[in-house]
J.: 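Here you go, one structure.
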Number of protein chains: 2
Amino acid sequence: MIKVLVVDDEPQIARALRINLSAHGYEVTTAADGAQALRAAAAVVPDLVVLDLGLPDMDGAEVIEGLRGWSKAPILVLSGRAASAEKIAALDAGADDYVTKPFDIGELLARVRAATRRSGPGAESPVTAIGPVTVDLAAREVRKDGDEVRLTPTEWQLLEVLLRNPGKLVSQRELLHRVWGPNYDRETNYLRQYMAQLRRKLEADPARPVHLLTEPGMGYRFRP
Amino acid sequence: MIKVLVVDDEPQIARALRINLSAHGYEVTTAADGAQALRAAAAVVPDLVVLDLGLPDMDGAEVIEGLRGWSKAPILVLSGRAASAEKIAALDAGADDYVTKPFDIGELLARVRAATRRSGPGAESPVTAIGPVTVDLAAREVRKDGDEVRLTPTEWQLLEVLLRNPGKLVSQRELLHRVWGPNYDRETNYLRQYMAQLRRKLEADPARPVHLLTEPGMGYRFRP
DNA sequence: GACACCTTTGACGCGTTCTTGACGGCCGCT
DNA sequence: AGCGGCCGTCAAGAACGCGTCAAAGGTGTC
């Protein structure tokens with residue numbers, strides 16, 4: 001989750017930003033003045049800072065420079081002042097963007113997206129561990145004792161459904177529907193076939209599976 | 001020297017921007033419409049693009065997307081329209097900043113500095129090594145055993161998508177969408193054709209690729 | 001207008017994957 | 001004990017996808 005630090009001394013604006021950003025999937029922290037902002041930045045290490053100028057305790061450029069010493073996270077400045085000199089000062093101090101109030105919330109969100117897009121895609125993908133095997137669903141990569149294991153498309157789909165419901169029982173019908181389509185209900189032999197292949201490739205002892213379990217008469221279950 | 005491409009159909013504005021940017025030490029190229037812009041971008045490989053919307057021949061978003069396929073250079077959009085919807089569309093298409101006319105030239109220069117500051121230090125050497133081959137995505141240059149290798153535009157786009165997701169599997173659908181457009185879903189023969197060409201040019205043994213791998217039925221993967 | 005280059009399109013052989021059927025073992029039920 | 005249901009395993013042919021070659025269509029250059 002992308003972490004955003006909102007710095008604003010006006011509670012209404014801070015609240016509005018928190019609500020909107022949270023609604024779009026960001027993790028929001030707020031600070032009401034410069035000192036709080038620098039402390040909060042050190043604590044949460046945000047991926048982006050939305051900074052209102054005109055804070056009660058510090059000058060805007062000071063806050064920007066204080067942040068720039070720590071972090072390379074984009075800084076998006078809000079301000080009531082439209083004067084060019086202020087914008088230039090803020091941008092040259094290290095801000096990445098400057099928006100004057102009153103601002104359109106949609107536009108602000110678009111600018112937030114533009115700013116995070118640049119620095120964003122350096123993230124690692126989540127990896128699921130199955131005993132000696134690691135599965136990276138995003139990269140579509142399986143490793144067993146370090147070397148890679150190749151799965152066929154059908155094997156991937158089946159494994160993905162199970163892994164996305166860790167610990168839960170997935171019925172045969174649901175597995176068939178998700179992998180082969182809604183017209184498949186009773187082809188349980190497909191499941192037997194491919195579960196066996198998955199176990200051969202992923203389980204330490206395919207005859208005695210520990211993670212890819214059969215629930216007789218019901219379905220299959222992935223145990224982490 | 002930092003190279004800036006200025007795209008504007010109004011000669012006075014283009015001239016004013018050229019003079020001001022040149023005076024501040026930038027190397028300026030100008031283009032008067034979208035087609036020229038894309039051609040010029042391919043030729044000079046700019047470090048930043050200043051793009052006026054409302055070009056005579058193409059929609060603004062088209063130009064942005066055309067540029068984004070090639071390059072990660074920041075795009076600073078100029079526009080006479082202050083409507084939020086347009087700003088949002090441009091930013092989400094891949095623009096980095098949006099300035100409404102009339103604009104203060106000092107502020108514009110500050111935004112140019114802010115944009116180049118970000119990509120400047122990090123974009124020093126984005127060179128990817130593929131065995132005996134080195135690929136410089138920013139400079140758009142490939143060398144194999146020291147000699148230059150020529151890639152066609154389509155080959156570049158395909159290679160770029162793969163290189164920007166190192167280790168990750170990229171589905172054939174995504175590759176088709178990113179290189180040929182959202183209307184292409186099943187033309188996997190294009191992928192076969194161009195992957196073969198890339199392998200001929202980049203792999204030591206094109207018949208046994210080590211870095212540009214096929215995942216049958218799913219997609220392709222670049223392994224560093 | 002001829003030429004070169006790139007893109008698009010079609011066809012074929014081959015290896016892999018999917019589908020399908022059959023068999024035997026384990027378990028619970030009668 | 002006998003039986004039927006369910007699962008794991010094995011072994012086939014069919015179908016699919018990939019790499020490759022070849023050639024036509026399109027565009028800009030000389």
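Proteins come first, then strands; the chains are lettered A, B, ... in the order of their sequence lines, and each starts at number 1.
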J.: So, OP1 or OP2 of D:dG19: does either fall under 4.0 Å of a side-chain N or O from B:Tyr220?
T.: yes
J.: Whole Å only: how far is the CZ atom of A:Arg192 from the P atom of C:dC23?
T.: 14 Å
J.: Under a 4.0 Å N-O cut-off, is there an ion pair linking A:Arg68 with A:Asp96?
T.: yes
J.: Give a yes/no answer on whether the side chain of B:Arg200 brings an N or O atom under 4.0 Å of OP1 or OP2 in D:dT20.
T.: no
J.: For A:Arg223, is the CZ atom crowded, meaning more than 12 foreign heavy atoms sit under 6.0 Å from it?
T.: no
J.: Can you tell me the distance, in whole Å, between the CZ atom of B:Arg186 and the C1' atom of C:dG10?
T.: 19 Å
J.: Identify whether the distance between the nearest side-chain nitrogen and carboxylate oxygen of B:Lys101 and B:Glu10 falls below 4.0 Å.
T.: yes
J.: Tell me the interatomic distance from A:Arg208, atom CZ, to D:dT9, atom P, rounded to whole angstroms.
T.: 11 Å
J.: Please tell me if A:Trp180 has a side-chain N or O lying less than 4.0 Å from either OP1 or OP2 of C:dC18.
T.: no
J.: Return the value, rounded to whole Å, for the distance between atom CG of A:Leu151 and atom C1' of C:dT16.
T.: 14 Å
J.: Would you say B:Arg15 has more than 12 foreign heavy atoms packed within less than 6.0 Å of its CZ?
T.: no
J.: Which value, in whole Å, describes the distance between the C1' atoms of nucleotides D:dA12 and C:dG25?
T.: 22 Å
J.: Starting at atom CD of B:Glu187, determine the distance to atom P of D:dC18, rounded to an integer number of angstrom.
T.: 14 Å
J.: In whole angstrom, what separates A:Leu191's CG from D:dT9's C1'?
T.: 15 Å
J.: Rounded to whole angstroms, how far apart are CG on B:Leu212 and P on D:dG19?
T.: 11 Å
J.: Does B:Thr214 make a side-chain N or O approach to OP1 or OP2 of D:dG19 shorter than 4.0 Å?
T.: yes
J.: Categorize A:Tyr194 for me: base, sugar-phosphate, or nothing, with a 4.0 angstrom heavy-atom threshold over every strand shown.
T.: base
J.: Are any of A:Thr154's side-chain N or O atoms less than 4.0 Å away from OP1 or OP2 of C:dC18?
T.: yes
J.: Report, as yes or no, whether the 6.0 Å neighbourhood of atom CZ on A:Arg221 holds more than 12 heavy atoms from other residues, nucleotides or ligands.
T.: yes
J.: Atom CD of B:Gln172 and atom C1' of D:dC18: how far apart are they, to the nearest Å?
T.: 10 Å
J.: Counting distance alone, no hydrogens or angles: does the base of D:dC10 have a donor or acceptor under 3.5 Å from a partner atom on the side chain of A:Gln193?
T.: yes
J.: Name the residue closer to the 5' end of DNA chain D, choosing between A:Gly219 and B:Met218 according to the nucleotide with the nearest heavy atom.
T.: A:Gly219
